[in-house]
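Read through the structure below, which is laid out as structure tokens, and then see the notes.
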Amino acid sequence: MTTQERYLSAKEMYAAVGVDTQKALEMLSRFSISMHCWQGDDVKGFDQDGPLSGGIQTTGNYPGRARTPEELMADIDQVLKLLPGKHKLNLHACYAIFEKGEHVDRDAIEPKHFKRWVEFAKERGIGLDFNPTFFSHKKAEGLTLSSNDEEIRQFWIRHGQACVRISQYFAEELGQPCVMNIWIPDGLKDIPADRLGPRARFKDSLDQILSVPYDKEKVYVCLESKVFGIGLESYTVGSSEFCVNYAAKKGILSLMDTGHYHPTEVVSDKISSMLLFNEKLALHVSRPVRWDSDHVVLFDDETKEIAKEIVRNNAMDRVFLAMDYFDASINRISAWVVGMRNMQKAMLFALLQPYTRLQEMQNAGSFTELQMLQEEMKLYPVGDVWNYFCEINGVPGKEDWYAEVKRYEQEVLSRRI
Ligand code: RNT
Ligand code: ZN
């Protein structure tokens, strides 16, 4: 059977439970995911040579890490070729590209240091998102935006302000909004003597960053919370309560990362509450394994549940979804492709659920039937619809994309020594 014949048979099966596969495909093709640039080089960036800091960690040393802007761009191109649909690229400030011999510190970066990324995005017709980088820097060895050292705090405030300007430049150049996410690693290893002081300073620093004029239709500033980091186990300044309250009061967006909560808490359950009180919401999809380990996103239950929440709450245009993982133990191109395609598959799976029926069952108290149908839907032929989606988007379906990754590994990645 051809991919199309399989699709037509799947289409019939879904139609029998009231699901329109054609509509699902149209919605899926409009849903763009913000792909993190930092999977390609283990979150190193180009503006410094020190180790990754901030309580986050990449593990593994699989060969082929991108070491220059040219290599990273070539790798991203390779990934984009294997993804159906149009996506955005998510940059960190540490990926600034300087002219030969030039170097400016993080508080002095300007749009021109990202010109080559803008050209890259323009040529590929994609948008850019942005993140100030408050880690991997000598001034980030202790606290940053919450520091009691006023000089250090002001340095990072200037960095945040510079990033707002760069985000606006991205939005203007590319004709689509730029999501700018603020995450700071600030925290303490052991029991603090003062929890309020750092939070009060963080609050003031954010106020100062947001005092830079910017167009709210073009730049969506988000604040990402966290529960703990490595070496910062006892106290995190930007906790969930801090971030959700700050964002709500100041009219910016909350960003929830799937690895930033206590281990039995799930982001999927938080989405509906956030959407009731916020016009827009931002997510970092990652995979925590026992801790905020940032493993490659799988087609697993929680990813599907997140996708279902976005779809059934009719929020595909209210949620900014970005990927955030970094695995250095496997081929990085494959890690990117697997995670991105899994997120898209989860969205497709979610688009193919018979919600009206399922909701009616819940409302009627028919929990036996509800459980039965939710379970049966798991084995409906979502793969046939997925492969057809890949085919009409001109990218390889099934595992067929992997041959290209192998070729690229042999011809390009393995030569990077
Ligand atoms: C860290 C946060 C943050 C980073 C990226 C690199 O725990 O999740 O989003 O992973 O900014
Ligand atoms: Zn994150």
Side-chain angles (χ1 to χ4, degrees), residues 33-48 50-59 66 72 88-96 106 128-137 140 144-145 156 159-160 163 166-167 178-187 220-233 235-240 242-244 247 253-263 265 267 270 281-297 302-303 306 319-328 332 335-336 339 343:
I33 299 173
S34 184
M35 187 175 94
H36 55 319
C37 74
W38 52 91
Q39 165 60 58
D41 76 332
D42 311 341
V43 210
K44 271 193 86 63
F46 307 128
D47 72 341
Q48 54 88 39
L52 175 60
S53 77
I56 53 178
Q57 204 149 66
T58 49
T59 52
L72 188 60
K88 287 179 96 180
L89 181 63
N90 202 2
L91 294 176
H92 243 285
C94 59
Y95 291 82
R106 297 240 176 108
L128 290 176
D129 291 328
F130 202 45
N131 306 259
T133 312
F134 297 102
F135 52 86
S136 301
H137 189 280
T144 65
L145 289 179
W156 290 114
H159 176 57
C163 288
I166 293 164
S167 300
C178 171
V179 176
M180 185 191 108
N181 177 47
I182 298 176
W183 169 74
I184 59 163
D186 297 27
Y220 288 96
V221 178
C222 314
L223 188 57
E224 177 180 14
S225 69
K226 192 162 176 173
V227 65
F228 85 97
I230 298 176
L232 309 162
E233 289 84 358
Y235 170 68
T236 295
V237 179
S239 62
S240 175
F242 178 96
C243 292
V244 170
L253 276 63
S254 274
L255 186 145
M256 297 191 296
D257 180 306
T258 53
H260 289 194
Y261 297 88
H262 289 281
E265 257 185 292
V267 164
K270 301 175 189 296
L281 173 67
L283 297 179
H284 269 183
V285 181
S286 187
R287 179 165 54 104
V289 178
R290 317 215 181 277
W291 65 286
D292 180 31
S293 60
D294 294 292
H295 278 62
V296 175
V297 169
E302 173 58 1
T303 310
I306 287 173
V319 173
F320 293 115
L321 194 149
M323 305 308 273
D324 184 14
Y325 56 80
F326 22 96
D327 192 336
R332 294 171 185 78
W336 249 322
M343 191 67 237

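Both counts, for ligands and for their atoms, begin at 1 and track the order of listing. Counting from 1, the numbers follow the sequence of the chain as shown.
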Hey, which atoms in ligand 1 end up nearer than 4.0 Å to a heavy atom of [X]?
X: Phe326; value: 10 (O)
X: His92; value: 5 (C), 6 (C), 11 (O)
X: Asp292; value: 7 (O)
X: His260; value: 1 (C), 2 (C), 7 (O), 8 (O)
X: Ile56; value: 1 (C), 7 (O)

Next on the checklist: Any carboxylate oxygen within less than 4.0 angstrom of a Lys/Arg side-chain nitrogen, looking at Glu302 and Arg287?
Outcome noted: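 No, no charged N to carboxylate O under 4.0 Å.
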Item to check | Pair Lys226 + Asp257: basic N to acidic O under 4.0 Å | outcome: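 Looking at Lys226 and Asp257, the cut-off is not met.
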Item to check | Under 3.5 Å: donor-acceptor pair, side chain of Glu233, backbone of Gly231 | outcome: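 Such a contact is found between Glu233 side chain and Gly231 backbone.
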Of the N, O or S atoms in [X], the one nearest the Zn ion (ligand 2):
X: Asp324; answer: OD2
X: Asp257; answer: OD2
X: Glu224; answer: OE2
X: His284; answer: ND1

So which protein heavy atom does [atom] come closest to, and at what separation?
atom: atom 7 (O) of ligand 1; value: Lys226 NZ, 2.7 Å
atom: atom 8 (O) of ligand 1; value: Asp324 OD2, 2.8 Å
atom: atom 9 (O) of ligand 1; value: Glu224 OE1, 2.7 Å

Item to check | Gap between atom CG of Asp327 and atom NE2 of His295 - 0.5 Å precision | outcome: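 That separation rounds to 6.5 Å.
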Checklist entry - Could you state the interatomic distance from CG (Asn181) to CG (Leu255), rounded to the nearest 0.5 Å? => result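 These two atoms lie 4.5 Å from each other.
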Next on the checklist: I'd like to know if the Zn ion (ligand 2) has an N/O/S atom from His260 within less than 2.8 Å of it, counting both backbone and side-chain atoms.
Outcome noted: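 False for His260.
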Checklist entry - According to the interplanar angle, ranging from 0 to 90°, do the rings of Tyr220 and Phe320 count as parallel (below 30°), tilted (30 to 60°) or perpendicular (above 60°)? => result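 Tyr220 vs Phe320 ring planes: tilted.
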Next on the checklist: When you compare ligand 1 with His284, is there at least one nitrogen or oxygen pair between them that comes in under 3.5 angstrom?
Outcome noted: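 Yes, since at least one N or O of His284 sits under 3.5 Å from an N or O of ligand 1.
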Checklist entry - Where is the tightest heavy-atom contact between Gly54 and Pro185, given as atom of each residue plus distance? => result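 Closest approach of Gly54 to Pro185, heavy atoms only: O-CB, 3.3 Å.
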Item to check | Shortest non-hydrogen contact between Gln57 and Ile230, atoms and distance | outcome: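 Looking at all heavy atoms of both residues, the closest pair is OE1-CD1, 3.7 Å.
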Checklist entry - With His284, which of Asp324, Asn90, Thr258 fulfils side chain to side chain donor-acceptor pair (under 3.5 Å)? => result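 It is Asp324, the one option of Asp324, Asn90, Thr258 that forms the side chain to side chain donor-acceptor pair (under 3.5 Å) with His284.
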Checklist entry - At a 4.0 Å cut-off, with the gap strictly under it, does some heavy atom of Asp257 reach an atom of ligand 1? => result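 Yes, Asp257 has a heavy atom closer than 4.0 Å to ligand 1.
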Next on the checklist: Are Trp183 and Phe135 an aromatic pair, judged by ring center distance below 6.0 Å?
Outcome noted: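 That pair passes the under 6.0 Å test.
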